[in-house]
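Right, one structure below, let's go through it.
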Amino acid sequence: MTTETLTPKELQKMDPVFGQMSFKDHEQIVFCHDKDTGLKAIIGIHNTVLGPALGGTRMWKYDNEWEALNDVLRLSRGMTYKSAISGLNLGGGKAVIIADAKTEKTPEMITRFGQFVNSLSGKYITAEDVGTTTEDMDRIRKVTKFVTGISEEIGGSGNPSPVTAYGVYMGMKAAAKFKFGSEKLQGRKVLVQGIGHVGETLVDYLTKEGAQVQITDINENRVAEVSQKYGAQIFTGSDLYAAEVDIYAPCALGATINDNTIDRIKAQVIAGAANNQLANEQIHGQILKEKGIAYAPDFLINAGGIINVYGEIVGYGKEEAMKRTENIFNTTLEIFNFAEQKDITTHQAALSIAEKRIEDRKKEAK
Ligand code: NAD
């Protein structure tokens, strides 16, 4: 039988793991199952050249196992580049647990998952992500030391979101300097989409600096609350992408820069916290470049959270974490200049610098 006539979907069925579209040189993929607790999890270890693979555990009710595998492959790779570009000695990993965090999570399931993490002897270090909490990490800590994001009372680094917001703010200022000639955001119109843990603190920084902040969120109560607390304006238009603003800050979901939205975007700068903002890294990155929109790569400017948990591993405190996060300003500016020089997108520029760091380390190790 020849494979030449098969569709990509049929081919994918024949190579269900290494044949996945999102499989990009991952080192190890661990499938974890426990009948008694109902645990079904996948740990993806993308790259450990720079250090142990650190990344959160996402608990999500995926429609099927393909989706879960695809997610863990994509997310773990993202972590490799996020840590590499941030100068951390960490590799990239991520885990997914296939379950509904609201209705199916049990302490036993979390403990069992922790035992699987422990069985990898530190090659993978976990943390919180969507659907998991500090409490879950504290529980995992009872069965393994290979966990971060635990409570401050037991030696953890606390909530990473304010640090993430600070990094996004720094990245945004660098993008403004590149695009508008000044890092000052006073008077700049900024639209923040999603005012959750990160978005709210970002709004705090921006309003304190005197930016004209507009906010939007699917949670109307939060919009009213945050608007009142910081004096931010509620976005009332029908199309947020077409909003007449200087800066668009995606802080809710990924893939908001896509085929449907990209031509409507009027903002000159995009800088936000959401992971994987570009639906297609190559295509949408290139269109933004052609339109002259300064896009601050998401995995670079939202690295404050990982910089913060890294402190738990190497033993630095909040002050050092904030100092390192502040440096996102310099790195972002370097990326913009490098991209301009090489006539490539900022996403490509950030990726190539991260990849070079990994390649250099590989050579050193030989
Ligand atoms: P969060 O869940 O606290 O907040 C997300 C907010 O977005 C919520 O208020 C939610 O109601 C809103 N939202 C959801 N869908 C929306 C939509 N379609 N339109 C408008 N608003 C919508 O999450 P967070 O911790 O603030 O993280 C925000 C983003 O940043 C996520 O994409 C996350 O993956 C990414 N991120 C977070 C961190 C961190 O330290 N928390 C680190 C790196 C990346």
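Numbering of ligands and ligand atoms starts at 1, following listing order. A quick note: this is a predicted structure, and the numbers were derived from the prediction, not measured.
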Per [atom], closest listed option by heavy atom ([options]):
atom                    : options                : result
atom 28 (C) of ligand 1 : A273, C251, G272       : C251
atom 24 (P) of ligand 1 : L240, D217, V198       : V198
atom 34 (O) of ligand 1 : N308, N275, I301, V192 : N275
atom 40 (O) of ligand 1 : D298, T164, V163       : T164
atom 18 (N) of ligand 1 : L253, I195, V223       : L253

Minimum-distance protein heavy atom relative to [atom]:
atom                    : answer
atom 15 (N) of ligand 1 : I218 CD1, 3.5 Å
atom 43 (C) of ligand 1 : N302 O, 3.5 Å
atom 4 (O) of ligand 1  : G196 CA, 3.2 Å
atom 41 (N) of ligand 1 : S161 OG, 3.1 Å

Q: For residues G158 and N308, report the shortest heavy-atom separation together with the two atoms involved.
A: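 Closest heavy-atom pair between G158 and N308: O-ND2, 3.8 Å.
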(Q) Tell me the closest heavy-atom pair linking K94 and V72, and the distance in Å. (A)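 What the structure gives for the nearest pair is O-CG2, 3.2 Å.
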Q: Would you confirm whether the ring centroid of H347 sits within less than 6.0 angstrom of the ring centroid of F299?
A: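 Here the rings of H347 and F299 have centres that are less than 6.0 Å from each other.
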Q.
So if I apply the side-chain hydrogen bond (donor to acceptor under 3.5 Å, both in side chains) rule between H284 and each of T261, T345, D259, N258, which one comes out positive?
A.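 The residue from T261, T345, D259, N258 that satisfies side-chain hydrogen bond (donor to acceptor under 3.5 Å, both in side chains) with H284 turns out to be D259.
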Q: Ignoring hydrogens, tell whether any protein atom lies closer than 4.0 Å to atom 2 (O) of ligand 1; use the non-hydrogen atoms only.
A: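 No, no protein heavy atom sits under 4.0 Å from atom 2 (O) of ligand 1.
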Q. So does E209 pair up with K184, basic N to acidic O under 4.0 Å?
A.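 K184 and E209: not salt-bridged.
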Q: State whether K323 and E320 are salt-bridged, where the test is any N-O pair (Lys NZ or Arg NE/NH1/NH2 against Asp/Glu carboxylate O) under 4.0 Å.
A: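 Answer for the salt bridge query: yes.
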Q) Are R112 and F116 in a cation-pi setup, meaning NZ or CZ lies under 6.0 angstrom from the ring centre and within 45 degrees of the ring axis? A)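 That pair qualifies as a cation-pi contact.
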**Q.** Geometric N/O contact N219 with ligand 1, under 3.5 angstrom
**A.**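 No: no nitrogen or oxygen of N219 is under 3.5 Å from one in ligand 1.
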(Q) I want to know if ligand 1 touches H197 in the polar sense, i.e. an N/O pair below 3.5 angstrom. (A)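 Yes, at least one N or O pair falls under 3.5 Å.
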Q) Which of the numbered atoms in ligand 1 are below 4.0 angstrom from a heavy atom of A252? A)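 Listed by number with element, the hits are 7 (O), 13 (N), 16 (C), 21 (N), 22 (C), 29 (C), 31 (C), 32 (O).
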**Q.** Donor-acceptor side-chain pairing of T126 and T57 below 3.5 angstrom
**A.**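 Distance-only check passes for T126 and T57.
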Q) Looking only at side chains, do T133 and D136 share a donor and an acceptor under 3.5 Å apart? A)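 On atom types as modelled, these side chains qualify, holding a pair under 3.5 Å.
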